[in-house]
Amino acid sequence: MSQEKDDVMPRWYVVHTYSGYENKVKTDLEKTIKNRELEEFFFEIIVPMEEQIEIKEGQRKTNLKKVFPGYVLIKMIVTEKTWYIVRNTRGVTGFVGSGTDPIPLTDEEIRKMGFEQVAVKVDYTVNDTVRIIDGPLTDFTGTVIELSKEKHKVKVLVSMFGRETPVELEFAQVQKL
């Protein structure tokens, strides 16, 4: 690990494991963290699962299926010691990243996965005039008519071909004028 100074903010990291070892890695890591009293460096360990409904012979059956087989997500503060503990847990093949440096997930990736709500700050409100800065309508201006903080979307009324047309965009695609 070539990190010069340790991060003090907890970030989400992806750890690659042997297929089928995800839950074993999670429990082994939790035991090691507790035994070494490192709870202040590890915040959450997740094996993302989703319910899958299967109908067999007229019977409805619900199964849990791994969303990312072979991967475990860990919210942690990376130090030499924590990196070593995770890296040397049985079943772990390494952090996802380049070489020896683990690369944290971006806020956008975390939000899309849906396992943690990421606060998004917008500097515009309803009735503000905004410019679209990304997408097929780049450089169009319009008026904000609706904000959806749960979906991270904004609805903008844009004038196209002489008509007012509502357009739904991501927060990052719009900038206040």
Side-chain angles (χ1 to χ4, degrees), residues 3 6-17 19 22-23 25-26 29-30 33 39-55 60-78 82 86 95-98 101-177:
Q3 209 170 347
D6 299 328
D7 279 338
V8 291
M9 288 295 298
R11 307 281 310 264
W12 282 100
Y13 295 90
V14 180
V15 175
H16 190 264
T17 67
S19 186
E22 301 89 353
N23 291 321
V25 165
K26 179 183 178 191
L29 263 173
E30 287 169 344
I33 291 163
E39 290 90 350
E40 70 267 16
F41 295 101
F42 293 89
F43 297 85
E44 212 170 336
I45 301 171
I46 296 176
V47 177
M49 307 282 260
E50 67 181 357
E51 279 188 9
Q52 194 174 44
I53 299 169
E54 189 178 313
I55 299 173
R60 183 181 170 139
K61 189 177 178 184
T62 305
N63 295 326
L64 283 176
K65 183 182 176 195
K66 293 178 183 120
V67 179
F68 307 114
Y71 295 95
V72 175
L73 300 154
I74 304 174
K75 185 173 186 177
M76 62 185 278
I77 297 171
V78 173
T82 60
V86 172
F95 279 93
V96 172
S98 60
D101 289 335
I103 298 175
L105 294 173
T106 64
D107 289 344
E108 183 69 17
E109 290 168 329
I110 294 165
R111 187 181 65 76
K112 284 183 179 176
M113 287 185 209
F115 55 84
E116 183 174 88
Q117 290 296 323
V118 178
V120 176
K121 295 177 187 170
V122 291
D123 62 345
Y124 46 84
T125 59
V126 175
N127 295 327
D128 280 352
T129 303
V130 293
R131 172 179 283 122
I132 300 171
I133 57 171
D134 185 35
L137 301 175
T138 300
D139 293 330
F140 274 79
T141 58
T143 306
V144 175
I145 56 173
E146 188 181 317
L147 285 168
S148 175
K149 293 200 179 201
E150 308 83 46
K151 295 179 183 177
H152 298 314
K153 302 263 185 188
V154 59
K155 207 173 264 185
V156 179
L157 204 56
V158 179
S159 180
M160 282 191 278
F161 311 115
R163 289 188 168 164
E164 295 288 312
T165 307
V167 179
E168 191 173 80
L169 303 160
E170 297 277 331
F171 282 160
Q173 291 180 286
V174 179
Q175 177 182 4
K176 185 176 179 178
L177 283 180

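Residues: numbered from 1 along the sequence shown.
- In this structure, CD1 on I145 lies 13.5 Å from CG on D128, to the nearest 0.5 angstrom.
- The side-chain contact (heavy atoms from CB on, under 4.5 Å) check on T129 picks up L177, with sequence neighbours excluded.
- Smallest separation of non-hydrogen atoms from S148 and F171: O-CZ, 3.7 Å.
- Nearest heavy-atom pair, L73 versus P48, reported as atom, atom and distance to 0.1 Å: CD1-CG, 3.1 Å.
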Test log, rule side-chain contact (heavy atoms from CB on, under 4.5 Å), inputs L137 and V156 | CA-CA 11 Å; L137 301 175; V156 179; over 6 Å; no
Passes side-chain contact (heavy atoms from CB on, under 4.5 Å), F68 versus V14? Steps please.
CA-CA 10 Å; F68 307 114; V14 180; over 6 Å; no
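- Side-chain atoms of T17 and K26, non-hydrogen and from C-beta on, never get closer than 4.5 Å to each other.
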| message | Set out, in order, the CA-CA distance, both residues' side-chain angles and the distance that settles side-chain contact (heavy atoms from CB on, under 4.5 Å) for V154 and V122, then state yes or no. | response | CA-CA 10 Å; V154 59; V122 291; over 6 Å; no
Run the side-chain contact (heavy atoms from CB on, under 4.5 Å) check on E44 and W12 step by step: do they pass?
-> CA-CA 9 Å; E44 212 170 336; W12 282 100; 3.7 Å; yes
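- Taking all atoms of both residues into account, the shortest heavy-atom contact from V86 to I74 is CG1-CD1, 4.0 Å.
- The heavy-atom pair separating L157 from P166 by the smallest distance is CD1-N, 3.7 Å.
- Across M160 and V167, no two heavy atoms sit closer than the pair CE-CG2, 4.3 Å.
- T82 places a side-chain N or O within donor-acceptor distance of the main-chain N or O of I77, the cut-off being under 3.5 Å.
- Counting heavy-atom neighbours within 6.0 Å of E51 CD, excluding the residue itself, gives a total of 12 or less.
- Sorted by first and then second residue, the pairs that involve residues 159-177 and meet side chain to side chain donor-acceptor pair (under 3.5 Å), not counting sequence neighbours, are R111-E170, K153-E170.
- When all heavy atoms are compared, the tightest approach of N63 to K61 is OD1-CE, 3.7 Å.
- With contacts defined as side-chain heavy-atom distances shorter than 4.5 Å, the pair R11/L105 does not qualify.
- Not a single ring-ring contact (aromatic ring centres under 6.0 Å, His included) links F41 to another residue, sequence neighbours left out.
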Derivation of the ring pair (Phe, Tyr, Trp, His ring centres under 6.0 Å) call for H16 and Y71 = CA-CA 5 Å; H16 190 264; Y71 295 95; 4.9 Å; yes
